[in-house]
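Atoms considered below: every heavy atom in the structure, side chains included; atoms not considered: hydrogens, waters and symmetry mates.
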Amino acid sequence: MVATTPQVRVYDMIAFGDEVPGILALVCAAREYRQRHHRYPRSLLMFKGNSRDGVGGHLVRGGLSYLDRSHVPPEIRRAQGLDTFGDPAAIYKEFLKRSEVKQIALGPRLADSALRAMLQEAQVSFLSNIEIESVKVDRDRLHCIRLTNGDTYQAQQFIDATVNAELAQFAGVPKYPGFGVMGLPEAELSVTLTFETEGLSIDKLKRTELHYLHRFADVQDAEAQSWLNTAAGSNAAMVTHLRQSLRNASGQLSAMHVGLDYIDIPTKALSIAYHAFRGTTLDLRRSAAMLDNGNIARLSGGRLSWNALLFDVNAAAAEALARGKAKPTAAMLAEMRQVERWFVENLGATAVRPAKELYIRHAGNVMAVNQPLSGAAMLAGGVPAAEAFGTFGYHFDVRGGIAGLGSRAIAKGLKELSPLHPPLFNIGMQHALVKTVRNLAVISPASGFDGYACSAGRIIEFNVAVAQGVGIAAAIALSQNRLLADISNLEVCQVLDKRGLRSRVYGRSNTVAAVQLNDFERQMVA
């Protein structure tokens with residue numbers, strides 16, 4: 001065997017992690033740099049996953065086909081003349097168009113092709129299946145990344161697009177584990193193993209769900225009530241709660257809603273049936289795995305992509321999964337086999353295929369950013385309109401819940417704020433720029449979010465808008481021999497305006513709710 005000599009390679013920009021915001025940040029940076037210098041910069045995308053399974057992180061290898069889109073109240077859409085999802089970042093619109101997304105559903109193969117084409121056009125190289133051995137930081141600048149194979153990669157500007165801010169951690173950037181931003185360092189959001197089904201028609205799915213809805217709502221149906229009792233863990237109060245949750249505010253059974261390219265399932269009728277089949281409780285903490293209400297993307301060829309199978313993890317487990325290339329554990333795969341069996345035997349699917357990687361929602365948050373972004377700041381409207389890249393709206397979604405949140409609030413004499421008002425806030429990038437390592441940005445759920453902000457800030461559509469700004473900031477920094485952390489929101493807005501890329505700005509302040517949440521967030525972490 002011939003030993004190879006370690007290589008030193010030099011780039012202008014390096015992104016670590018191939019989540020979509022990181023990829024599109026590099027593309028935006030390359031395009032802006034070319035506008036200024038008539039050539040593309042030397043750019044590299046490096047990531048731990050296997051490119052043969054697709055490029056694009058949890059949207060591609062993780063199969064998260066049901067996209068969470070911006071929520072804009074109807075009255076604001078009417079007043080502003082906006083489309084259903086408002087006015088997303090220009091680069092996100094382009095990505096969706098090239099991936100042939102109609103509204104919600106993103107086909108992983110189409111997304112992979114679109115992202116590869118955009119990287120190739122911007123002359124961005126990529127390197128997969130890598131592991132970091134160490135990094136070199138000179139004073140307040142990241143200088144290079146050394147891989148476990150001995151090769152070293154230098155750059156002037158760096159972007160971390162991993163869910164756990166792995167590059168930032170190597171660079172010594174301090175980080176809150178789990179929900180340390182709320183005084184709960186061991187708590188973490190659930191992770192999901194998405195899966196696709198074939199041979200399950202929408203008509204069959206609707207009829208099956210309606211069948212279960214009627215049976216679980218009928219207290220005279222002894223067999224169905226026995227199933228309901230099993231899923232409720234023989235808890236009478238839980239039985240009543242589950243039965244009541246099958247109906248809407250008008251008292252009618254809540255059947256699934258079938259959209260243009262998606263399906264929303266408002267109740268846990270299918271979940272109850274699955275957990276009765278498994279003999280487990282419909283409770284994430286007690287059972288460690290839960291088939292939740294399905295968010296379903298309708299893909300070509302009659303395929304349905306399900307975001308539904310949740311697994312309970314703590315902060316240490318989420319970090320370990322992220323560092324382990326987001327591969328599901330043996331226990332997760334065993335539960336997936338039970339899901340496959342149930343879908344085939346009870347719903348009539350002809351095939352059930354899990355994704356290659358897990359969808360890890362959150363794995364802590366970095367500190368030491370230019371300006372942390374809190375849930376209260378989101379409710380207050382975000383950054384000033386003059387320095388906003390656009391606007392994003394989303395509820396504070398903690399799917400699977402945050403373990404210990406209620407008990408910690410009670411211990412501090414606080415009343416848990418539920419339901420929380422959904423924010424509609426203006427987007428900037430200062431929460432993504434690291435002030436201790438000034439040529440590094442973290443664009444992911446691990447950005448500098450405080451309190452509840454990471455629950456809304458983890459959504460791809462929002463992070464792509466941040467990424468577009470960070471990409472332009474990187475091009476400015478390269479062109480002017482500056483550092484990312486020194487670039488302002490306003491400088492980016494001036495470029496967006498000049499290029500005709502700036503999205504509409506329509507954030508709204510909910511002062512009362514913002515003050516209440518600010519008080520809650522501050523006391524929770526104290």
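Using the six-membered ring where Trp is involved, F216 and Y212 have ring planes that are parallel, under 30° apart on the 30 and 60° scheme. Ring planes of Y394 and F392: parallel class, angle under 30° (limits at 30 and 60°).
For N229 against N235, the heavy-atom pair with the smallest separation is OD1-N, 4.4 Å. Shown here for F85 and E461, the closest heavy-atom pair between the two residues is O-OE2, 4.1 Å. What you find for L106 and L59 is that their closest heavy atoms are CD2-CD1, 3.8 Å. Nearest heavy atoms, W342 versus A273: CZ2-CB, 3.7 Å. The two residues L242 and A232 have their closest heavy-atom pair at CD1-CB, 4.1 Å. Scanning both residues, M290 and H275, for their nearest heavy atoms gives CA-NE2, 3.5 Å.
A 4.5 Å side-chain heavy-atom check between E335 and R278 finds at least one atom pair inside the cut-off. Side-chain contact between Q338 and Y274 is present, with at least one heavy-atom pair separated by less than 4.5 Å. Counting heavy atoms from C-beta outward, V313 and L321 have side chains that approach closer than 4.5 Å. When side chains are defined from C-beta on, V173 counts as touching L440, because their heavy atoms get closer than 4.5 Å. In this structure, L347 and L205 have side chains that are in contact, with non-hydrogen atoms separated by less than 4.5 Å. Side-chain contact between P372 and H431: absent, with no pair of heavy atoms (C-beta onward) separated by less than 4.5 Å. The closest side-chain heavy-atom distance from L310 to V191 is not below 4.5 Å. When side chains are defined from C-beta on, P423 counts as touching F396, because their heavy atoms get closer than 4.5 Å.
A donor-acceptor pair is defined here as one N or O able to donate and one able to accept, closer than 3.5 Å; such a pair exists between the side chain of R298 and the backbone of G259. Between the side chain of K327 and the backbone N or O of A322, no donor-acceptor pair lies under 3.5 Å. Looking at T280, its side chain never comes within 3.5 Å of a backbone N or O of A276 through a donor-acceptor pair. The backbone N or O of T194 sits nowhere less than 3.5 Å from a side-chain atom of T192 that would complete a donor-acceptor pair. Proximity of a side-chain donor or acceptor of S503 to a complementary backbone N or O of P88 within less than 3.5 Å is detected. Not a single donor-acceptor pair under 3.5 Å links the side chain of K206 to the backbone N or O of S201. Between the side chain of N463 and the backbone N or O of G457 there is at least one donor-acceptor pair closer than 3.5 Å. Judged purely by atom type and a 3.5 angstrom limit, R285 has no side-chain atom pairing as donor or acceptor with the backbone of D312. Here the side chain of K175 pairs a donor or acceptor atom with the backbone of N164 at under 3.5 angstrom. The backbone N or O of D397 sits less than 3.5 Å from a side-chain atom of R458, completing a donor-acceptor pair.
Counting only N and O atoms by type, the side chains of W306 and T197 include a donor and acceptor under 3.5 Å apart. For the residue pair N426 / T391, a side-chain donor-acceptor distance below 3.5 Å is found, with atom types taken as modelled. Counted by atom type alone, Q516 and E521 present zero donor-acceptor pairs between their side chains at under 3.5 Å. Using modelled atom types, one finds a donor on one side chain and an acceptor on the other under 3.5 Å when comparing D264 with Y66.
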Stepwise salt bridge (charged side-chain N to carboxylate O under 4.0 Å, His left out) test for K48 and E166: CA-CA 11 Å; K48 301 175 73 165; E166 188 165 336; 2.9 Å; yes
Working for salt bridge (charged side-chain N to carboxylate O under 4.0 Å, His left out), residues E357 and K325: CA-CA 7 Å; E357 295 179 3; K325 300 185 179 182; over 6 Å; no
Where do R215 and D221 land on the salt bridge (charged side-chain N to carboxylate O under 4.0 Å, His left out) test, with the steps shown first? CA-CA 6 Å; R215 293 198 66 184; D221 187 331; 2.6 Å; yes
Tell me, with the steps shown, if V219 and R243 meet side-chain contact (heavy atoms from CB on, under 4.5 Å). CA-CA 9 Å; V219 295; R243 191 185 296 119; 3.6 Å; yes
In sequence, state the C-alpha distance, the side-chain angles, and the governing distance for I460 and D68, and then conclude on side-chain contact (heavy atoms from CB on, under 4.5 Å). CA-CA 8 Å; I460 286 283; D68 290 313; over 6 Å; no
Run E19 and R61 through salt bridge (charged side-chain N to carboxylate O under 4.0 Å, His left out) and show every step you take. CA-CA 10 Å; E19 296 300 335; R61 292 188 304 280; 5.8 Å; no
Pair L282, I272 - check side-chain contact (heavy atoms from CB on, under 4.5 Å), show working. CA-CA 7 Å; L282 182 51; I272 294 167; 3.9 Å; yes
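Distance check, rounded to the nearest 0.5 Å: CG of L253 to OG1 of T267 gives 8.5 Å. Here the OG1-CZ distance, from T350 to F343, works out to 12.5 Å after rounding to the nearest 0.5 Å. Here N365 contributes atom CG and M182 contributes atom CE; the two are 11.0 Å apart, rounded to the nearest 0.5 Å. One finds the CD atom of E223 at 12.0 Å from the CG atom of D218 (value rounded to the nearest 0.5 Å). To the nearest 0.5 Å, the span separating NE2 on H214 from CD on E209 amounts to 10.0 Å. The CG atom of L309 sits 6.5 Å away from the CZ atom of F195 when rounded to the nearest 0.5 Å.
The neighbour count for H241 NE2, taken as heavy atoms of other residues, nucleotides or ligands under 6.0 Å away, does not exceed 12. Summarising the local packing, NZ of K412 is surrounded by more than 12 heavy atoms from other residues, nucleotides or ligands at distances under 6.0 Å. Atom CZ of R522 is surrounded by 12 or fewer heavy atoms from other residues, nucleotides or ligands within 6.0 Å.
A salt bridge between K93 and D87 is present, with a side-chain N of the basic residue lying under 4.0 Å from a carboxylate O of the acidic one. Classification of D292 and K268 as a salt-bridged pair holds, one side-chain N sitting under 4.0 Å from a carboxylate O. Using a cutoff of 4.0 Å between basic side-chain nitrogens and carboxylate oxygens, E198 and R303 are not scored as salt-bridged. With respect to the salt-bridge test (charged N to carboxylate O, under 4.0 angstrom), the residues E188 and R361 do not qualify. Remark: E100 does not engage R109 in a salt bridge, criterion side-chain N to carboxylate O under 4.0 Å.
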For residues 441-456, which side-chain donor-acceptor pairs fall under 3.5 Å, sequence neighbours excluded?
from: S444; atom 1: OG; to: T162; atom 2: O; distance (Å): 2.8
from: S444; atom 1: OG; to: A446; atom 2: N; distance (Å): 2.9
from: S447; atom 1: OG; to: V442; atom 2: O; distance (Å): 2.5
from: S447; atom 1: OG; to: S444; atom 2: N; distance (Å): 3.2
from: S447; atom 1: OG; to: S444; atom 2: O; distance (Å): 3.0
from: S455; atom 1: OG; to: Y452; atom 2: O; distance (Å): 2.6

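In summary, the aromatic rings of F179 and H362 are positioned with their centroids under 6.0 Å apart.
For the side-chain hydrogen bond (donor to acceptor under 3.5 Å, both in side chains) condition, no pair includes a residue of residues 372-381, sequence neighbours left out.
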